[in-house]
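Heads up, the thing below is written out as structure tokens.
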Amino acid sequence: GTIVYTGVSATNIQATTYHHLFLTPAATVTYTLGTGASQTINVGGNWVIGNNTDAVTVTTTTHSPNINITGDLTVNNPAVLSGSGTGTIILNGNMSGTTSGAWSVSLTGGTFIHRVASAKIFGPPIATNWQFPDLRFENSSASPVTITLNACTTGRVNGNSVTIGNASDTASTTVNFETNDCRLVAGTDGLNITTQGVLVASSDTGVDVSSGNWTNNGIFTANSSTVIFNSSIARTLNGSMTGANKFNNLQFPGSGAGGFAFSADAEIANNFTILDGFVTAPASLTIGGNFANSDTFTHNSGTVVFNDDTK
């Protein structure tokens, strides 16, 4: 069956097992998840937040429950899923919402795991930003799966830490930002593509790594994207960065004495740009387009190869 919460005053959502769970009050009100510490909310079907009219805020703050959702998670305009709770949310279905309005996902604590067994959808279908502190994409099946991002246009998916694939999984997880041109932003804890991860970047909106490291032990498909690193402290680009895993455009607009360093050889299919900051080269750096340096490039006794004689 379906349990529907419609209370128009502040309400605590009971930590129990539901089939479908609808939080759809006809009022501007806050619903707090859980009623005490160390609780788990299980949703065996779909979880729906908001009624497309009223601004309900559903928060993980206060009780920090763990939440398991077997079906889909839908956030309708103008609802908000937010909070600093330290629990773990595991979603097995699609995650989306209405295609207009000002609804949002703004989680500042805990871990959000999109763990799927078949192809799923993730991300805002409108120009809004989704915020997660620790965002992970995983595969619970024995076959490769693809998670495709919605068309978030000028919006983006932000994770303070973003992990693509679980190295312990049996099969790979592909996260596709290209098809619908959604932007990925990884924060201070960086972007990690594991041995079971495949990241397909959007050609139009690219990837931002803001104050974090880049680690690719899986597959990175750059398409025509630009990967931007912006940090005021020392950060490192790690793992496979050549051949099929090469960058398309690579840009460093960050600043700071720490700068950026490559821990392995790297290849950039097109342009390599240093706008502001300190970049230390690897033993071998291949550039297929233009090299523009407006700050500091340290050769590190390495070799820089320009493989397009028209540039």
Side-chain angles (χ1 to χ4, degrees), residues 144 146 149 162 164-165 172 174-179 181-186 190-231 233-311:
T146 297
L149 272 291
V162 178
I164 310 294
S172 64
T174 296
V175 184
N176 177 8
F177 285 79
E178 169 70 347
T179 298
D181 289 323
C182 195
R183 183 181 182 186
L184 173 63
V185 179
L191 174 64
N192 179 24
I193 307 171
T194 74
T195 53
Q196 290 287 24
V198 181
L199 174 59
V200 182
S202 166
S203 296
D204 290 342
T205 58
V207 179
D208 286 8
V209 182
S210 178
S211 300
N213 296 319
W214 169 283
T215 301
N216 178 21
N217 292 314
I219 297 172
F220 172 64
T221 303
N223 295 310
S224 299
S225 69
T226 298
V227 176
I228 298 174
F229 289 87
N230 194 346
S231 178
I233 58 178
R235 292 303 183 191
T236 307
L237 285 69
N238 307 287
S240 178
M241 295 175 282
T242 61
N245 289 311
K246 66 179 176 287
F247 299 100
N248 179 56
N249 294 313
L250 190 59
Q251 186 178 111
F252 298 91
S255 62
F260 308 89
F262 293 86
S263 69
D265 294 345
E267 181 179 356
I268 296 91
N270 285 295
N271 299 325
F272 180 72
T273 306
I274 304 171
L275 296 174
D276 188 11
F278 300 77
V279 178
T280 301
S284 176
L285 177 64
T286 301
I287 301 172
N290 297 313
F291 175 27
N293 177 23
S294 299
D295 204 321
T296 304
F297 175 75
T298 302
H299 59 69
N300 199 30
S301 298
T303 300
V304 178
V305 176
F306 294 91
N307 61 6
D308 184 347
D309 58 11
T310 67
K311 302 296 183 181

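Quantities reported herein were computed from a predicted structural model and do not represent experimental measurements. All values below were derived from every heavy atom in this structure, side-chain atoms included, with hydrogens, water molecules and symmetry-related copies excluded.
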Testing the basics here: between [X] and [Y], what is the closest heavy-atom pair and its distance to 0.1 Å?
{"X": "Leu275", "Y": "Asp295", "value": "O-CB, 4.5 Å"}
{"X": "Asn271", "Y": "Asn290", "value": "OD1-N, 2.8 Å"}
{"X": "Pro282", "Y": "Ala266", "value": "CG-N, 4.0 Å"}
{"X": "Gly239", "Y": "Ala264", "value": "O-CB, 3.5 Å"}
{"X": "Ala201", "Y": "Phe220", "value": "CB-CE1, 3.8 Å"}
{"X": "Lys246", "Y": "Ala269", "value": "CE-CB, 3.7 Å"}

- Note on the structure: Which of Asn192, Leu184, Thr174 passes side-chain contact (heavy atoms from CB on, under 4.5 Å) with Leu199? Answer is Leu184
- Only one of Val200, Leu149, Val162, Val198 passes side-chain contact (heavy atoms from CB on, under 4.5 Å) with Val175; say which it is. Leu149
- Message: Between Thr286 and Thr242, does the side chain to side chain contact (heavy atoms under 4.5 Å, CB included) criterion hold? Intermediate values first, please.
- Response: CA-CA 9 Å; Thr286 301; Thr242 61; over 6 Å; no
I'd like to know if the side chain of [X] and the backbone of [Y] have a donor-acceptor N/O pair within less than 3.5 Å.
{"X": "Asn249", "Y": "Thr226", "value": "no"}
{"X": "Thr194", "Y": "Gln196", "value": "yes"}
{"X": "Thr205", "Y": "Cys182", "value": "yes"}
{"X": "Ser203", "Y": "Ser225", "value": "no"}
{"X": "Ser231", "Y": "Ile233", "value": "yes"}

[atom1]-[atom2] distance between [X] and [Y], expressed to the nearest 0.5 angstrom:
{"X": "Asp308", "Y": "Asn270", "atom1": "CG", "atom2": "CG", "answer": "8.5 Å"}
{"X": "Leu250", "Y": "Glu267", "atom1": "CG", "atom2": "CD", "answer": "12.0 Å"}
{"X": "Leu285", "Y": "Met241", "atom1": "CG", "atom2": "CE", "answer": "9.5 Å"}
{"X": "Ile193", "Y": "Ile164", "atom1": "CD1", "atom2": "CD1", "answer": "6.5 Å"}

- Message: For Ser202 and Asp181: C-alpha separation, side-chain torsions, deciding distance, then whether side chain to side chain donor-acceptor pair (under 3.5 Å) applies.
- Response: CA-CA 5 Å; Ser202 166; Asp181 289 323; 3.1 Å; yes
- Identify the residue among Thr215, Asn216, Asn245, Asn217 that makes a side chain to side chain donor-acceptor pair (under 3.5 Å) with Ser240. Asn245
If you define the side chain from C-beta out and look only at heavy atoms, does anything of [X] sit under 4.5 Å from [Y]?
{"X": "Phe229", "Y": "Val279", "value": "no"}
{"X": "Ile274", "Y": "Phe291", "value": "yes"}
{"X": "Phe297", "Y": "Val304", "value": "yes"}

- Task: Carefully, step by step, assess Phe177 and Val207 under the rule side chain to side chain contact (heavy atoms under 4.5 Å, CB included).
- Result: CA-CA 9 Å; Phe177 285 79; Val207 179; over 6 Å; no
- Item | Positive for ring-ring contact (aromatic ring centres under 6.0 Å, His included) with Trp214, one of Phe252, Phe247, Phe262 | Phe247
